[in-house]
Structure formats: structure tokens, C-alpha cells
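Worksheet: one structure, shown below.
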Protein chains: 2
Amino acid sequence: MEKKSQKHGNSVVKMRDVAALADVSIATVSRYLNGNLDRMSTETANRVADAIDKLNYVPNSAARQMVKKSSGLVAVIAGNIDDFFSTEMFKGINAMLESKGYVGVLFDSNSDLDREKRLMQIVSNQIFDGAILQPYNAVSVIQDTIKRPMPIVIADREIEQSPWPQIVTNNYEIARQATQYYKDKGFKRVIMITSSLTMAANRRDRYYGIQSVINNIDVLEVSEKSYNHKKVLQQLVTLINGSQEDTLIFALKERWLTEFIPRLFYKGLIDDKHVAVTGFSDTGTAQYIDPKTKLISQDPYLIGADSGEVMVNLLEGKKQEPEKIIVPAKFG
Amino acid sequence: MEKKSQKHGNSVVKMRDVAALADVSIATVSRYLNGNLDRMSTETANRVADAIDKLNYVPNSAARQMVKKSSGLVAVIAGNIDDFFSTEMFKGINAMLESKGYVGVLFDSNSDLDREKRLMQIVSNQIFDGAILQPYNAVSVIQDTIKRPMPIVIADREIEQSPWPQIVTNNYEIARQATQYYKDKGFKRVIMITSSLTMAANRRDRYYGIQSVINNIDVLEVSEKSYNHKKVLQQLVTLINGSQEDTLIFALKERWLTEFIPRLFYKGLIDDKHVAVTGFSDTGTAQYIDPKTKLISQDPYLIGADSGEVMVNLLEGKKQEPEKIIVPAKFG
DNA sequence: CTGTTAGCGCATTCAC
DNA sequence: GTGAATGCGCTAACAG
């Protein structure tokens with residue numbers, strides 16, 4: 001009485017078929033599959049193995065997960081997967097997770113509050129064992145959205161009053177440090193290039209870090225999604241020429257370095273004496289524009305690895321304070 | 001007899017709790033959850049809704065999936081999530097999937113054959129309804145690895161004798177076309193910069209495309225994972241100066257454009273008359289090095305969207321030939 | 001060492 | 001309109 005019209009995606013052969021062919025009980029097959037070989041004669045183990053092979057049996061994970069209450073899958077909701085930071089962080093997360101038998105899967109919130117919320121909903125409705133977030137939304141929103149109690153780790157984007165562990169960069173400190181370096185060289189003014197996103201914690205901290213050293217800051221906001229390259233370039237030139245002070249161009253994001261600096265450099269506007277450039281650069285690509293440029297590099301991979309480790313601790317029930325781990329960035 | 005030490009990740013409240021509170025049977029709750037409201041008085045529907053809300057009930061997706069044999073999740077195994085192409089393609093996939101009620105999750109094979117295989121295994125052992133692959137492995141490997149019958153779509157990386165639908169770029173044609181443009185302008189020689197990966201289909205097709213127009217090709221292989229920037233730059237300079245012919249530098253990947261070209265450009269080595277530059281560029285960032293440069297741009301988003309659409313067709317049982325869809329790239 | 005059995009939480013006939 | 005009962009495929013005692 002086989003249903004012929006089963007939806008694509010089911011293997012028809014199940015444990016009892018394997019058991020039958022191997023002439024054992026399904027319990028034995030289950031044991032075999034779960035690695036309890038010590039409670040089994042090598043001989044039967046082989047028979048089971050053969051049967052599995054012959055029938056091309058693949059376990060139904062939904063059934064298994066229903067009783068084990070675990071899928072081994074950890075959801076990662078990243079801010080923007082076009083961003084090297086996010087993807088590199090994901091690689092770090094996975095390296096850690098996989099060493100412990102878990103697997104990370106990546107979702108892309110696209111830096112969109114609503115979308116992030118939707119994804120959190122989906123994740124909390126699915127069979128993920130935990131979630132690592134690089135969140136835009138606030139604590140209260142996250143709490144309201146993820147109803148099912150599950151381990152959560154916050155990565156990169158610091159949030160206030162987080163009930164969950166956080167792994168972040170020392171944004172304030174490193175921005176301060178870089179700015180100080182240039183101040184010591186005589187720079188007295190900063191043009192800060194940033195995305196037009198609202199004052200996310202990261203951006204804010206960086207801003208304050210700069211400001212703690214040099215107060216004279218012009219902010220150039222560029223819309224992440226759509227902007228006129230030529231126009232922004234022009235604005236930048238105007239800003240640069242708008243003051244006699246030695247000026248430091250400070251990009252809060254690598255993208256602005258690679259997109260705007262080569263032209264300025266080529267035009268001779270950047271000479272490292274009256275106009276210098278620095279910024280956050282994670283890929284190292286910006287370095288190739290001019291090898292002499294000193295940049296701030298974060299360590300997204302390490303941030304990911306740490307997040308992964310914290311998640312594993314949570315999953316394995318080890319004590320894990322809702323602490324804040326700071327992964328320092330480097331300037332130089 | 002509640003187990004207190006349940007692993008983190010279970011919501012304790014289940015359908016029968018909701019049913020009890022709403023004073024209905026679990027069947028009714030189930031119907032409510034599945035949208036069968038027509039078979040229910042508005043009054044009871046409200047009671048159920050209230051109960052769900054009050055108890056903060058969230059359905060157990062593993063249980064549901066076990067009986068429905070569907071999770072609504074589609075796995076996407078991308079070649080390298082550091083690559084704009086992969087991530088943009090994923091965005092396209094998701095746009096399509098989500099419009100049909102599915103959700104895509106991203107895995108990163110890291111351009112590693114074994115890792116890709118492991119991921120395919122994991123995916124086929126989990127509850128994904130289908131898989132979209134940007135594969136390195138050959139058909140036979142994929143078939144051996146993904147044992148469970150499930151819808152599969154191949155994106156971007158063409159494979160021979162594919163039993164599955166493929167969505168790819170016109171690599172050969174567009175490379176030919178771009179080369180022709182420069183040949184018409186008098187260029188007689190090509191320096192091709194490429195990753196040192198084995199002759200993947202994409203790379204091969206692009207190479208043949210160039211070759212069909214200009215036969216004099218120097219290939220500069222750069223290891224994707226680790227290479228000495230300075231040294232490669234030097235090699236490039238040497239190659240350029242190694243011939244009197246007007247030379248076209250052709251980068252098969254945007255990365256090589258953004259990493260090496262700015263320096264060459266700054267050094268005055270690229271003048272568009274004796275030495276010109278072109279290549280595959282998906283992000284458009286390379287454009288900013290020199291606005292006059294003509295580049296080849298693929299449409300990863302569209303490739304993704306098409307892949308997503310094909311996948312949905314497969315999932316919904318619509319007839320879908322194992323055809324090859326070609327999404328043309330643009331030069332200019 | 002191996003088999004029997006009782007759920008896991010939900011969707012779905014089939015009755016009423 | 002609603003409920004009772006059955007089974008999805010598998011794991012984990014509990015026996016033997």
C-alpha cells in the first residue's frame with residue numbers, strides 16, 4: 001500500500017526496513033546509528049552496516065530531533081552578509097561549533113530591523129539549538145520575538161542591558177588610540193565617514209573615541225544602500241579643502257576606504273602630512289591602496305570563534321555568565 | 001514526574017496544554033494553527049488564540065515536520081561567503097524563496113572539496129526541503145553524498161552531465177566579447193590573473209573565451225588563500241614590461257582588480273593605450289579605481305532569484321526540466 | 001549482547 | 001463544528 005505520490009523529499013526506507021534486512025530489532029539499528037557499538041557484537045554491527053548500505057537508508061532527522069530535542073544546528077543571524085566582517089565572523093563561529101559537533105547556518109538580516117525580527121521568529125520556530133545574533137533590535141524586541149527559551153549569544157553589536165553573553169570589539173578604545181596617534185603628529189581635525197544608519201552602538205562608541213581626542217569633527221554620512229559616488233567624492237574634497245587644519249579622514253567602515261580613497265590618493269589629495277587617512281579595515285584590501293596607511297583591524301574571526309565557544313558552553317550546560325567579552329582591535 | 005534537568009531549548013508547554021486551557025481538543029488547536037479556521041466557530045478560535053497567547057505556546061517544529069515531511073527550509077551551499085557573488089546570489093535566492101513561503105539558509109563550503117562534501121552530508125541528513133549548490137564537486141560525488149532524494153539546483157558553477165537544473169552565466173561569450181573590444185582597439189596580448197584553483201568550469205570557459213580572440217595569453221596564478229602581495233605585484237609588473245605588445249590585463253575575479261590594480265594605476269603603468277585593464281567585477285567597487293575602466297559585471301542576484309524560482313517549482317511539484325538557464329553578464 | 005515497549009508532539013482520518 | 005484515536009520514525013528505558 002505504498003503511496004506513490006509522496007512529496008519529493010522522503011526516503012521511503014526506514015529503520016524497521018533496515019532491522020528486517022539485518023534480522024535484528026530496530027533498537028539495535030538505533031544503537032548502531034548512535035554509536036553504541038560496545039553493546040553489540042561486531043558481527044551484528046556489520047550486518048546492520050550492510051543493510052543500511054544496501055538499502056541506502058538515511059535516518060529521518062525530524063523524528064530523531066523530536067525525541068532528542070536537539071538538531072546540532074545553530075542559527076547565526078548576521079547583519080549583512082555582504083560584509084566581510086559578518087562572513088568572517090561566521091567562519092570563526094563555525095570553526096568553533098564544528099569542533100564540538102555542531103553546525104552553524106547563516107541568515108542575513110540585511111541590516112533591516114523588520115527582517116531581523118522575521119528571521120528571529122523563524123529561527124525560534126525551527127529546530128535550532130541556539131542562536132548567535134549580530135543584532136540591530138533592542139533587547140526587549142528580541143525577547144518578545146524569540147519566545148522559545150533557547151541559548152542566545154550577542155556578537156559584535158553591543159546592546160544595552162543584555163541578558164545574554166556578548167562578544168564585542170573595543171570600539172571606543174581603539175578609535176581613541178588611532179586618533180591619538182594622529183593628534184600626536186599634529187592633526188587637529190577629523191572628517192569621519194560613516195553609514196547613515198542610526199547611532200548603532202558600534203558607531204557611537206567609535207565616534208566618542210575619536211571625539212575624546214579631537215573635538216573638531218566633520219561627519220560625512222553615506223547611505224549604505226544607495227549613494228552617488230561622484231557626489232560623495234565631491235563632498236569629501238570640499239570638506240578637505242574647507243579648512244586649513246591638518247585633517248585626518250577617518251572611515252568607520254572599510255567600504256568607504258576602498259571606494260573613495262583611491263581617487264583621492266590618485267589626485268594627490270592625501271599626502272600623510274596635511275591630509276591623512278585611517279579607518280576600520282577588516283579585509284586588509286584597503287591596505288593595498290597605500291601600504292603606508294595605518295589602519296584599524298578588528299578580528300571578526302576571533303569574535304566569531306569566541307561567540308561559538310560561548311554558545312557551546314551554553315548548549316552543554318556549562319556555567320556561562322552573561323558576561324561581555326572584549327576582543328581588541330589592532331591599530332598599525 | 002517532570003524532568004527538571006531538561007536540556008536548554010525545550011518549551012515545556014505543548015498543544016495539549018493549550019487545548020486544556022481553551023477547553024477544546026488538541027485537534028482543534030492543531031486546526032487553528034494550520035489555518036483551518038473555516039471549520040471552527042469564531043468563538044473557539046478566539047479562545048484558542050487567547051490560550052496560545054497566554055501560555056506563550058510555540059509549536060514543536062520537529063514534531064510537525066515529522067508528520068508534514070517538510071520544514072520550509074532550503075539549504076544553500078555557497079562556494080565562498082567572503083565572495084560578493086555568493087552572498088548576492090543568496091540574497092536573490094531568498095527573495096524568491098521567501099515570496100513563496102520558504103526560507104533559505106546559507107552554508108559556506110569555503111571552496112573546499114571535502115568541506116563541501118561534509119556540508120552536503122549534513123544537509124541531506126537534516127530536514128531541509130531542498131538544496132541549492134554552487135558546487136566544486138562533480139556530479140557523481142554529489143550523487144553519492146546526498147543520498148536522500150531531494151530537489152537540487154545547481155547555481156553559477158556549471159557541471160558536466162548535470163541531472164539537475166542549472167543557472168549559470170555566459171562566461172565564454174562575455175569573455176570573448178570583452179576581449180574582442182580590446183582587440184579592436186589594437187591590443188594583441190593578454191595577461192590573465194586568476195586563482196590557482198583547478199580548472200573549474202567557469203574559469204575554463206572564460207579562458208577559452210579570451211583565447212578565441214587573442215591567443216597570446218600569459219597566465220598569472222594567484223593562490224586565493226595565501227599569497228605575497230608585493231611579490232605578485234612585482235610579477236605583474238615584470239609581465240607587463242616583458243613585451244612590446246599592447247597588453248590587456250584581464251582579471252577573472254574582482255578581487256585581483258581591487259588588490260593589484262590601484263598600485264599599477266598609481267604607478268602610471270596603466271594608460272589605456274598600451275596597457276589596459278578589464279575583468280569580472282560584481283560589486284562595482286573596482287569601478288572606482290578608474291571610472292573609465294570597462295568591466296564585466298555578472299548578475300548574481302538574478303542568478304540567485306532564478307535558482308530560487310526553479311527550486312520552488314521543484315518543491316511544488318511543477319514540471320521542471322533539468323534545463324540550463326543562462327543569465328547573461330554585461331560588459332561596459 | 002539484544003529485543004519489547006512506551007512515548008516524543010503533532011496532523012489527520014473518522015466519527016459524532 | 002468538534003473530539004477520539006491512530007501513526008509519523010525514532011530513542012531510551014527496561015527486560016531478559
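As the structure is a prediction and not an experimental result, all values here were calculated from the model.
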Quiz item: Stepwise, does the side chain to side chain contact (heavy atoms under 4.5 Å, CB included) test hold for V76(B) with M311(B)?
Solution: CA-CA 11 Å; V76(B) 179; M311(B) 174 54 74; over 6 Å; no
Quiz item: Is there a side chain to side chain contact (heavy atoms under 4.5 Å, CB included) between K14(A) and V29(A) once you walk through the steps?
Solution: CA-CA 10 Å; K14(A) 29 193 120 164; V29(A) 179; over 6 Å; no
Practice problem: Show the numbers, then the answer: is there a side chain to side chain contact (heavy atoms under 4.5 Å, CB included) between W164(B) and I159(B)? | Solution: CA-CA 10 Å; W164(B) 311 288; I159(B) 54 181; 4.1 Å; yes
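For N34(A), a side-chain nitrogen or oxygen approaches OP1 or OP2 of dT11(D) to under 4.0 Å. Remark: K69(A) is in phosphate contact with dG9(C), judged by side-chain N or O atoms under 4.0 Å from OP1 or OP2. In this structure, Y57(A) reaches the dC10(D) phosphate: one of its side-chain N or O atoms is under 4.0 Å from OP1 or OP2. Remark: R64(B) is in phosphate contact with dA11(C), judged by side-chain N or O atoms under 4.0 Å from OP1 or OP2. Remark: T28(A) is in phosphate contact with dG3(C), judged by side-chain N or O atoms under 4.0 Å from OP1 or OP2. Distances shown here put every side-chain N or O of T44(B) at or beyond 4.0 Å from the OP1 or OP2 atom of dG1(D). When the side-chain nitrogen and oxygen atoms of K14(A) are compared with OP1 and OP2 of dG9(D), one or more of them lie within a distance under 4.0 Å.
Here the C1' atom of nucleotide dT11(D) and the CG atom of N60(A) are 13 Å apart, to the nearest Å. Regarding R31(A), its CZ atom lies at a distance of 11 Å from the P atom of dT11(D), rounded to whole Å. Between the C1' atom of dC10(C) and the CD1 atom of I52(B) lies a distance of 13 Å, rounded to the nearest Å. Rounded to whole Å, atom P of dC8(D) lies 12 Å from atom CD1 of I26(A). Rounded to a whole Å, the CE atom of M40(B) is 7 Å from the P atom of dT2(D). Per the geometry, CZ belonging to R47(A) stands 12 Å off C1' belonging to dC1(C), to the nearest Å. Atom CZ of R148(A) is separated from atom P of dG9(C) by 13 Å (rounded to the nearest Å). In this structure, CG of L37(A) is placed 11 Å from P of dT2(C), rounded to the nearest angstrom.
Counting heavy atoms from C-beta outward, D108(A) and N80(A) have side chains that approach closer than 4.5 Å.
Ionic pairing of E316(B) and K100(B) is not present here: no N-O contact between side-chain nitrogen and carboxylate oxygen is shorter than 4.0 angstrom.
Nearest-nucleotide positions on DNA chain D place M66(A) closer to the 5' end than the other of M66(A) and N36(A). The 5' end of DNA chain D is approached more closely, in terms of each residue's nearest nucleotide, by E43(B) than by the other of E43(B) and S30(A).
Backbone-only engagement by M15(B) is indicated by non-hydrogen atom pairs under 4.0 Å involving sugar-phosphate atoms exclusively. Looking at heavy-atom distances under 4.0 Å, V24(B) makes contact with sugar-phosphate atoms alone, never a base.
When distances run from any side-chain atom of A27(A) to the nucleotides dA12(D), dT12(C), dT2(C), the shortest one goes to dA12(D).
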